[in-house]
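Order of listing sets the numbers, starting from 1, for every ligand and every atom in it.
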Amino acid sequence: MLVFSMAAHPWPKQGNIVSDSSFSSLALPKALLSNLASLGYHEMSPVQAQSLPPMLSGRDVLAQAKTGSGKTAAFGLALLAKLKIESFAVQGLVLCPTRELADQVAEELRRLARGMANVKILTLCGGAPFGPQLGSLEHGAHIVVGTPGRIDEHLRKGSLSLEALAMLVLDEADRMLDMGFQATLDAIIAETPTTRQTLLFSATFPDESSSGGLAEMNRGVMCDPVIVKIAELHDARTIRQHFYSVANEEARFDALCQLLLVHRPATSVVFCNTKRETQAVAEQLTEAGFSAVALNGDLEQKDRDRILILFANQSASILVATDVAARGLDIAQLDAVFNYQIARELDVHVHRVGRTGRAGASGIACTLVTPKESYRLERLEGLLEQAVKTEPLPKPQHSVPFEPLMATLQLAGGKKDKLRPGDILGALTGEGGLRGEQVGKIKVLARSAYVAVERSVIQQAQAKLERDKLKGRAFRVRRIRY
Ligand code: AMP
């Protein structure tokens, strides 16, 4: 559990938000306000200051907020302020991607509710026995916090009713979508009244142009939401561009390795101008000990899908691609872009570079140029209206290539076998299994499923999936290598 001390870390000041950031400026019940003071919450965090007023006035809110931003108290206060204690129907539902997060959220809600009498908050997560949850549900609860798979199961079994739900919170919505919970979320939402208020919190944010995922979710699930983006995160979107001149093709490859060793990005794309080159560079990088995969138009669809799954779930850290093949690639977090050659067209260069530093993160873009290509630098200078200078190559401190964070297991079962992400997550994290944070993206296709887990626990994860039955069946499990 993250402990935040106001004294040590005052919330960053926001220039563009309400000047009164004390909780007493809000229409909150007295009991909640006095408890906040006793918890040492005196000033609102930026996310709280921007999201609480619209949430309390009944609006849907779509907020960009990371762990540590005070987001739990933001939606927690809104939930508690609206509660009708005398009614024992479930009025608030918080959906979280993992059991650990659900436990943390429930803990914070209970802390916030200390000043209110008789508030019942129940957690319903996968990996915990079903029976005791049924017992608790029979006693009634005001707020339920849980993971999508288990909540859906309770709904289908009739042990949970959301007929009186007034507020739905999707916490870490981006992560839930990454984990493949879209269909389960849709099924849960279909069981809630359309009059509900919906609050969606996500660490990453869809661009206006993006489709699918969160953007889709926003359109289908929320009603004219107030968008809360923390200005500071916007402004922090910085892309540092570096240019290096290399004498010839051999020097080009060495320079790429050197830059990879210096920056050690968890995810990066190396752009090449030709298909043949993507293959050659990926092979050379693999030989040099990096985890690189090539993406180009020559691949069969199923190989392309597999490569994108491995890259998106961080089991492969370097994607070597042509511009055409990388089109439509929707990776929220790209730490670095390497231009193996500077693009022939300048707008292509700008587009490549803009793929890093999304979602408020900072990014780095390195471009390699031979003397023959240097005229393109001059043109770029004109476009950017600033001097573009090449720099000397930095010297890496370690010569050992880095490994990707995650590794992937493939299960020989998918949607056709009624497998859902929650089943896989449940099997991995149940009884003596992994911790929720050790599990990454889960992708369930028609006849197979891919799950990423931290590399250090891949064997444990494989053994657990091989030992435990899923939906009463044992599925073949293998580790994917590329
Ligand atoms: P979260 O982003 O919800 O994980 O919250 C981060 C931490 O900040 C938690 O430990 C909260 O208890 C704490 N916190 C939330 N809001 C405030 C506040 N307004 N003042 C001080 N601490 C807070």
**Asked** Do you see a donor-acceptor pair shorter than 3.5 Å between the side chains of R196 and T194?
**Response** no
Q) Are any of the side-chain heavy atoms of P97 and T147 separated by less than 4.5 Å? A) no
Numbered in order shown, the ligand 1 atoms found under 4.0 Å of a heavy atom of R111 are 12 (O)
I want to know whether F201 and F75 have ring centres closer than 6.0 Å. yes
In ligand 1, the atoms that come under 4.0 Å of a heavy atom of T72 are 1 (P), 3 (O), 4 (O)
Next on the checklist: Under 4.0 Å, counting heavy atoms only: does Q104 come that close to any atom of ligand 1?
Outcome noted: no
Geometric class of the F88/H142 ring pair [parallel <30°, tilted 30-60°, perpendicular >60°]:
tilted
The option among Y41, F23, F201 carrying the non-hydrogen atom nearest to atom 11 (C) of ligand 1 is Y41
* To do: Examine F130 together with H154 and report whether their ring centres are nearer than 6.0 Å.
  => yes
query: Counting both backbone and side chain atoms, is some N or O of G70 under 3.5 Å from an N or O of ligand 1?
result: yes
inquiry  = For ligand 1 and H42, I'd like to know whether there is a polar contact (N/O to N/O, distance under 3.5 Å).
reply    = no
